[in-house]
Number of protein chains: 2
Amino acid sequence: MGRPTINDLAAEAGVSLATVDRVLNGRAGVREATVARVNEAIERIGYVRDPFAASLARRRDFRVLAFVPDGDGQFLGEVRAAVQKTAISLLSDRVVLDLELFRPDPHVFAARLGAIDPEDVDGVILMAPETPHLRDAVRHLRERGVATAAIISDLPNSRVDYFIGINNLNAGRTAASLLGRFLGPGPARIAVIADTLTARDSLDRRLGFDRVMAEDFPEIEVLPTVEGRGDPQGLEAALRNLLRSFPDLRGVYSMGGGNRLLLEFLARSGLTPRPRVVVHELTPTTRQGLQTGQIDAVITQDLGHILRSAIRRLRAGRDNRPILQEQERIRIEILVRDNLY
Amino acid sequence: MGRPTINDLAAEAGVSLATVDRVLNGRAGVREATVARVNEAIERIGYVRDPFAASLARRRDFRVLAFVPDGDGQFLGEVRAAVQKTAISLLSDRVVLDLELFRPDPHVFAARLGAIDPEDVDGVILMAPETPHLRDAVRHLRERGVATAAIISDLPNSRVDYFIGINNLNAGRTAASLLGRFLGPGPARIAVIADTLTARDSLDRRLGFDRVMAEDFPEIEVLPTVEGRGDPQGLEAALRNLLRSFPDLRGVYSMGGGNRLLLEFLARSGLTPRPRVVVHELTPTTRQGLQTGQIDAVITQDLGHILRSAIRRLRAGRDNRPILQEQERIRIEILVRDNLY
DNA sequence: ATGGACATGAGGTGCGCACCTCATGTATGC
DNA sequence: GCATACATGAGGTGCGCACCTCATGTCCAT
């Protein structure tokens, strides 16, 4: 009743099991013509490798290294925690997922990637900003047969094998859609807060946000972006300035970090009516903000899902298996107080 | 390097492989004291069955039957489609998922469940309203060793093994949270539409909805529920009546089916300003409603996720494995035009 | 012709487990 | 004390695959 096995495949291709094995596992010493015959037979009988049996026989786990920036933003903390949790849950799937932190120095990071031994590592997951060094390091990894997946932020110029994350343009659109509806008809002024607008993600979000605001909520005036740049005092001062110029502020869209400070500032400012607040990423701060009512909506992505998806793709690629597009789509999730999990 | 195997387990328990096998697979002919010894050894060395190897050796797929009502609501269509898609994607996981439709007659349905051969079927997934017949049939299934999972609607009195779906009280709360925010401050009248309020799901949603409205949006007046009862003309008439009495209607919460008719009605009525509309379940109609702007938000659940989760639980139960709570939580998803996938 | 490089086949082993048979041991009732 | 029922062990087989060794065959350059 079952699917075809390598035995069926060998028979169909008219070669021995050994040759099938050589072709399937990319070992050397097979004529091109023979490889082609096997591949045709694969197509013909619809052979797909049984990943269970394979990993059983391989007697070796699927090893993945996840690189996440070392740093103290809450979101980074969430990512690191998600990697660790996912690692545990994937152990029973014969996947060993290791977390590795890296410091910003691009040389050091690229060197670390270059030192990866393809014998030890099947795939690499990267949450990292794109730099020329990284681009070269990724290319080098590919050449040595280590698959790469970018998560959360794409690395569009690094020819990474996969990107797993949300579409940030649509995330920005979603934020605008919500904030616009929350504010209702009539003119209003809203602020946009970002860590920095140089990051690709923030640019995309801002772009999507502005488009929807312009198209659907023309009466809403979006003030120039307040950039935090990881400097609490600077952000505080900028916010204070903003509020002095626009005491009628009715909404805030926060695209990145700094939410803790933002919420504290808003609480202190005692603005009435309370401004509508839409932020990104579920963290302890934003979770609490939802619960206390300081935040109206959080736009987020399921980190566990992202990591599992990344690993499924790396594995599927290695086994030359197709993936289920549908299951791998990363949703832009909207959380309010009442659907918080 | 690896996890303990049955060999380690046998050694630890001081019994043979045969006995370990008998205990693990619940075969008869083992003294209680011996069973206990094996189970203690399992605890001690932390043995967990390797599900891959097991299903390989079992030479038999995990067979699941999914029962979905035969009927022509769009949501039912989505559920059936999701079952079929999931079935395909799970084939490579050695899971055979079959879809079976049933007609409303509780006798016939219960008889069908009673006729299930435990030799053929490992688990049953049910999307069905609870009836006394069903309750008995589920109990009977359990007794014969067939695990059962209710999806979407719980069967609280049927002692089903698992329920996989959203918390409808929170779903109702979420709807109210959104609709209340969309309407902004000030008094407003809103309508609630339901197929029927006798279904447990609708009751829960309504309850959650009312609570949040009362607590957070006291100025909003929730009109009595309009019940469709699967009768298009009746619904149409009721809506017309409602609008005659309350021409200042500003919001609509639709808890179940009938959205197609509702949207047509609202379009024809030309209400200004356009009422804010929050509905449940993503269907072709509600998807289009989001895109055209007739619907502000859809509250939904990922059917593929629900089905995969149900199967993971049935399998984990059979193999006596723990599940990852986190991964199995079914989210109450909020969709607006811009995060539609 | 001869050696060497390369392509292929034959066949075995074991991964962790389920499932089966048969033999042997032990307690129980009469 | 003997038949009987039951508990347990020993050992084998195969699932689909990866990985390994060794033998044999084919072709080419010299």
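By convention in this document, chain letters (A, B, ...) are assigned in the order of the sequence lines, proteins followed by strands, and residues within each chain are numbered from 1. It should be emphasised that the depicted structure is a prediction, and the values quoted were computed from it without experimental measurement. Worth knowing before you read on, the calculation uses all heavy atoms, side chains too, and leaves out hydrogens, waters and symmetry mates.
- A:N25 comes within 4.0 angstrom of the backbone, heavy atoms only, and of no base.
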Acceptor/donor pairs from residues 110-117 of chain A side chains to any protein atom, 3.5 angstrom cut, sequence neighbours excluded:
from, atom 1, to, atom 2, distance (Å)
A:R112, NE, A:E100, OE2, 2.4
A:R112, NH2, A:E100, OE1, 2.9
A:R112, NH2, A:E100, OE2, 3.4
A:D117, OD1, A:E119, N, 2.8

query = When you look at A:D21 and A:I6, which way does the side-chain contact (heavy atoms from CB on, under 4.5 Å) test go after all the steps?
reply = CA-CA 8 Å; A:D21 175 66; A:I6 45 174; over 6 Å; no
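- Panel note: side chain A:R63, backbone A:D120; a donor-acceptor pair is recorded below 3.5 Å.
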Could you list, one pair per line, each protein nitrogen or oxygen that sits under 3.5 Å from a nitrogen or oxygen of nucleotides 24-29 of chain C, together with the distance?
none

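- Checking B:V160, B:L126, B:I125, B:I330 one by one against B:I151, the side chain to side chain contact (heavy atoms under 4.5 Å, CB included) holds for a single residue, B:I125.
- In terms of phosphate contacts, B:R27 brings a side-chain nitrogen or oxygen within less than 4.0 Å of OP1 or OP2 of C:dC19.
- With sequence neighbours excluded, the residues that form a side-chain hydrogen bond (donor to acceptor under 3.5 Å, both in side chains) with A:S309 are A:E328.
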Please tabulate, for the side chains in residues 12-19 of chain B, all donor-acceptor contacts under 3.5 angstrom to protein atoms that are two or more places apart in sequence or on a different chain.
from, atom 1, to, atom 2, distance (Å)
B:E12, OE2, B:R44, NH1, 2.4
B:S16, OG, B:A18, N, 3.4
B:S16, OG, B:T19, N, 3.3

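- Sequence order on DNA chain D of the closest nucleotides to A:N7 and B:G29 puts B:G29 first from the 5' end.
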Please tabulate the protein-to-nucleotide N/O contacts below 3.5 Å involving nucleotides 9-11 of chain C, giving atom names and distances.
from, atom 1, to, atom 2, distance (Å)
C:dG9, OP1, A:S16, N, 3.4
C:dG9, OP2, A:S16, N, 2.8
C:dG9, OP2, A:S16, OG, 3.0
C:dG9, OP2, A:T19, OG1, 2.5
C:dG9, O5', A:S16, OG, 3.4
C:dG9, O6, A:R22, NH2, 3.1

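- Within the 3.5 Å criterion, the main-chain N or O of A:L282 finds a donor-acceptor partner in the side chain of A:T300.
- With a 6.0 Å radius and a threshold of 12 heavy atoms from other residues, nucleotides or ligands, A:Q325 has its CD atom at or below the threshold.
- Comparing the axis of the opening five pairs of the helix from C:dA1-D:dT30 to C:dC30-D:dG1 with that of the closing five pairs yields an angle of 30°, rounded to 10°.
- Atom-to-atom, CG of B:L24 to C1' of C:dC20 comes out at 17 Å; the value is rounded to the nearest Å.
- For the OP1/OP2 pair of D:dA18 and a distance below 4.0 Å, the side-chain nitrogens and oxygens of A:R49 include at least one atom meeting the criterion.
- Contact check on A:D50 versus B:R94 returns a salt bridge, with a Lys/Arg side-chain nitrogen under 4.0 Å from an Asp/Glu carboxylate oxygen.
- The number of heavy-atom neighbours closer than 6.0 Å to CZ of B:R329, taken from other residues, nucleotides and ligands shown, is above 12.
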